[in-house]
Every structure is written in C-alpha cells, then in structure tokens.
Amino acid sequence: MKRLSVDFDVMIVGGGPAGLSAALWCRDLGINAMLFERSEGLGGQLLSIYDRIENHLGFSAADGRELRDRFIDHVTNRRVPIGTRSAVASIDVEQKTITLDDGGTYSARAIIIATGVRRRELGVPGEKEFVGKGILHSGAGSRRDVSGQKVVIVGGGDAAIENSVILSEFAEKVTVIHRRGEFRARPELIAAAKRGVNIEFVLDTEVTAINGNEAVTSVDVINKVSRDSLTIAADAVLVRIGVQPNTEMLNDQLVLDNEGYIRVDATGKSSAQGIFAVGDVANPVSPTISTAVGSGASAAKAANALITTSPNV
Ligand code: NAP
C-alpha cells in the first residue's frame, strides 16, 4: 500500500542545474514532485559563472546567467512545481520529511538532494567584514573593477591560478598566496601565470587577517617555514580555496566520503532507501553543468522506478 499521508511522491532540495533537471524529469514521468530552493532565484552556481559557456552540448551561452535563464524558461514552460525562498533546515532520512526554516514540514516517498557546494572560506578576521568592500566574489566578473589595483589571490588550485591571469590584465599587480610550496593547478594554467610579468607568488604562506578601514588595504600573512610575519598591501582580495558540499541539513544520516560529499551509486541512490543525491553535492570528481543535469535525470528515473515498484516506500 502506498503511504497515504505523504505530501508529494518526490521532493527535490536545491534549484541548481541538477535539481531543475530532476524536477523536469519528474514532471515528464508524471510524478507528483516539488522542488524547494532557499534563494529567491534559481540556478545555484550558474550565477557565479561570468565566462562564456561553450561546452554544454546543444548550445553555448554568454555566461552562467544566460544559461540559467534558459533553464528557467524551460521549467516554467513545462509547469514544473517549484518553491523559491524555501530554505530546507533539516531532512529526516528515515521519515522522508523535510523541515523548512519557517517550521513547515513536508513528506514524500523519495527525496532528491541537489544542494550543491559552496566556496570554502579562510575563516580569518576581515573576510566577512569586507565583502563588497574589496573582497571579490569573482575574478572574471571583476576584471575591470581592479584596474590599477593591487590584488591578492589566495589559493593554489585551478581557480586561483586562472584568476591570477584574468585579473593581471587590468590590475597593477597580482600576488598569489598559497599555503604549500607547490600548486595543485593544471600545468598549463601555472605556466600562463608564470608568464605574467605583474604576477608574484608567495608560497608556504597562510593569510591570518584581511585589514582595512572603509575597504581592504592589506592582508597579514605568516610564512609556515620561517614563521616570519608580513603585511602585504592590497586593494582587492579573491579567496579561491576550493569548495565544500552543502550537507549540514542531513546531520550525518547518510554515508559521506572523507570530504563530506554524499556517497551515491550511478543512479544517484544514497545509503538510505528512497534518498537520492545529484549534482555537485555527490560529485567531487567531475563537477560540471552537464554531469549535474545528467545526474538529475538519472535520479528522477530511479526514484520513479522505486515508487512504482515498491508501494510501501
Ligand atoms: P581546488 O582545486 O580544491 O584547490 C583548492 C586550493 O586551495 C588548493 O591549492 C588548496 O591547498 C587551497 N586551500 C584549501 N583550503 C585552504 C585553506 N583553508 N587555506 C588556504 N588554502 C587552502 O579548488 P579550486 O581551485 O577552487 O577549484 C575547484 C574546482 O573547480 C576544481 O575541480 C577545479 O579543477 C575546477 N576549476 C577548473 C578551472 C579550469 O579548468 N579552468 C577553473 C576554476 C576551477 P592545497 O593544495 O595545499 O590543498
């Protein structure tokens, strides 16, 4: 017997590409599904892509926002049920219920988690205080704003090194601060950064504070080998030290990997029956828009198979 008291067949948590794809597929499969997105707008990390998108099969876009707008047009035309400004505070995996920030609780026969990742933070004084006052959200989106400025970039992966090249075009000087002696970034990106005459590398060094008055003026750093402290003048700071999955609302009810990503099989099934995870929150290996969209489709089909073949879930 189907559980009688559920609000939906499937609830989808998160309105980025993976969640939207899952919701669209649920709609087409005839599933009574609802997508919950905490922000006012949909799209997730697409809104942080300021470069052209040329590798999404079928069409290109000027930036993430343009692709996001096409996704929204699509789900709107298909009348996919979506609730925005609906922040999910907790998920009860056993009961298959979600509780929103406002206290509202909803139940379903299956849940698809598509909560994505967020930027990792340094956790140093000044990092939050100077957001919008010198702390940059994006390199590509700020390239002209840093004209003639001294820019500090923190990190040693692809994002930090690629942004050092992007920002060096207009900045007076770019200083890349990395905590180790070797970069994690791809060799061709490192080579491009090393060719930049106004790009300096400060290695084996950690940022301990971001300073300023009305806006950022400098960063304090410490060399991990010599223990020498130094203050580096900066008008702008970009922190690109990786990402971390948004899984707090799960309270350790699912099996996660060492980095906190949800472990799933090829169809998106997690360690709990009826709970699926799709997109970047379950994909530390190949987080792309295409893989997110594909995983949303897979999980919708797997959830449909589950609820049609197992009436008791
Ligand atoms: P990432 O590859 O995970 O690199 C993070 C970097 O930040 C590492 O060098 C790491 O140092 C450092 N780091 C981590 N935590 C830190 C902390 N608390 N304090 C100081 N430094 C810290 O992340 P990402 O560069 O942001 O890139 C994220 C993903 O997007 C990756 O998959 C990347 O390949 C992709 N991406 C690709 C491109 C491209 O292909 N053009 C561009 C941007 C991003 P350690 O090395 O010591 O661990």
Side-chain angles (χ1 to χ4, degrees), residues 16-18 44-56 60-61 63-64 67 116-128 135-143 151-169 174-196 199-210 219-225 227 229-230 232 234 237-247 257-261 279-292 295:
Q45 292 177 86
L46 285 178
L47 296 174
S48 300
I49 300 175
Y50 295 86
D51 293 321
R52 284 197 67 79
I53 296 172
E54 299 285 8
N55 47 20
H56 191 75
S60 57
D63 55 18
L67 187 58
V117 296
R118 64 178 181 278
R119 298 255 184 96
R120 197 178 281 139
E121 295 177 351
L122 285 169
V124 299
E127 187 177 20
K128 289 199 192 311
I135 305 273
L136 306 178
H137 179 64
S138 151
S142 321
R143 44 166 49 110
V151 180
V152 160
I153 297 178
V154 190
D158 289 343
I161 303 305
E162 183 178 54
N163 277 298
S164 74
V165 176
I166 290 170
L167 290 174
S168 69
E169 187 185 348
V174 175
T175 304
V176 179
I177 300 173
H178 179 38
R179 66 181 177 181
R180 286 193 299 134
E182 286 174 7
F183 292 117
R184 185 184 290 269
R186 294 205 313 263
E188 66 271 25
L189 293 176
I190 298 170
K194 285 186 171 169
R195 285 195 296 272
I199 302 176
E200 185 187 358
F201 303 102
V202 178
L203 302 179
D204 292 315
T205 297
E206 286 179 347
V207 172
T208 54
I210 299 169
V219 299
D220 292 341
V221 301
I222 183 165
N223 185 290
K224 289 169 68 183
V225 179
R227 305 308 296 170
S229 295
L230 186 69
I232 299 173
V237 176
L238 179 66
V239 178
R240 294 305 304 267
I241 57 170
V243 294
Q244 63 187 90
N246 295 317
T247 53
D257 74 6
N258 291 339
E259 302 285 317
Y261 289 84
D280 288 10
V281 74
N283 185 357
V285 179
S286 55
T288 69
I289 303 165
S290 305
T291 48
S295 67

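Remember, it's 1-based here, ligands and their atoms both numbered in the order they're listed. Numbers here simply count residues along the sequence, with the first being 1.
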Give a yes/no verdict on whether any heavy atom in H178 is under 4.0 Å from an atom of ligand 1. yes
I'd like the name of whichever of R184, E182, R179, E206 reaches closest to atom 16 (C) of ligand 1 through any heavy atom. R179
Any protein heavy atom under 4.0 Å from atom 26 (O) of ligand 1? yes
For ligand 1, does R186 get within less than 4.0 Å through its side chain, its backbone, both, or neither, judged by non-hydrogen atoms? side chain
Mind checking whether V207 contacts ligand 1 via backbone (N, CA, C, O), side chain (CB onward), both or neither, at a 4.0 Å heavy-atom cut-off? neither
Give me the nearest non-hydrogen protein atom to atom 41 (N) of ligand 1 as residue plus atom name, then the distance to 0.1 Å. E162 OE2, 2.9 Å
Closest approach of any protein heavy atom to atom 34 (O) of ligand 1, naming residue and atom: D158 OD2, 2.7 Å
The closest protein heavy-atom partner of atom 19 (N) of ligand 1 is L122 CD2, 3.7 Å
Protein non-hydrogen atom below 4.0 angstrom of atom 32 (O) of ligand 1 present: no
Nearest-neighbour protein heavy atom for atom 24 (P) of ligand 1, which is reported as residue plus atom name and distance: A159 CB, 3.7 Å
Please report which non-hydrogen protein atom sits nearest to atom 3 (O) of ligand 1, along with the residue it belongs to and the distance in Å to one decimal place. G242 CA, 3.9 Å
Taking the ring of F201 and the ring of H178, is the distance between their centroids below 6.0 Å? no
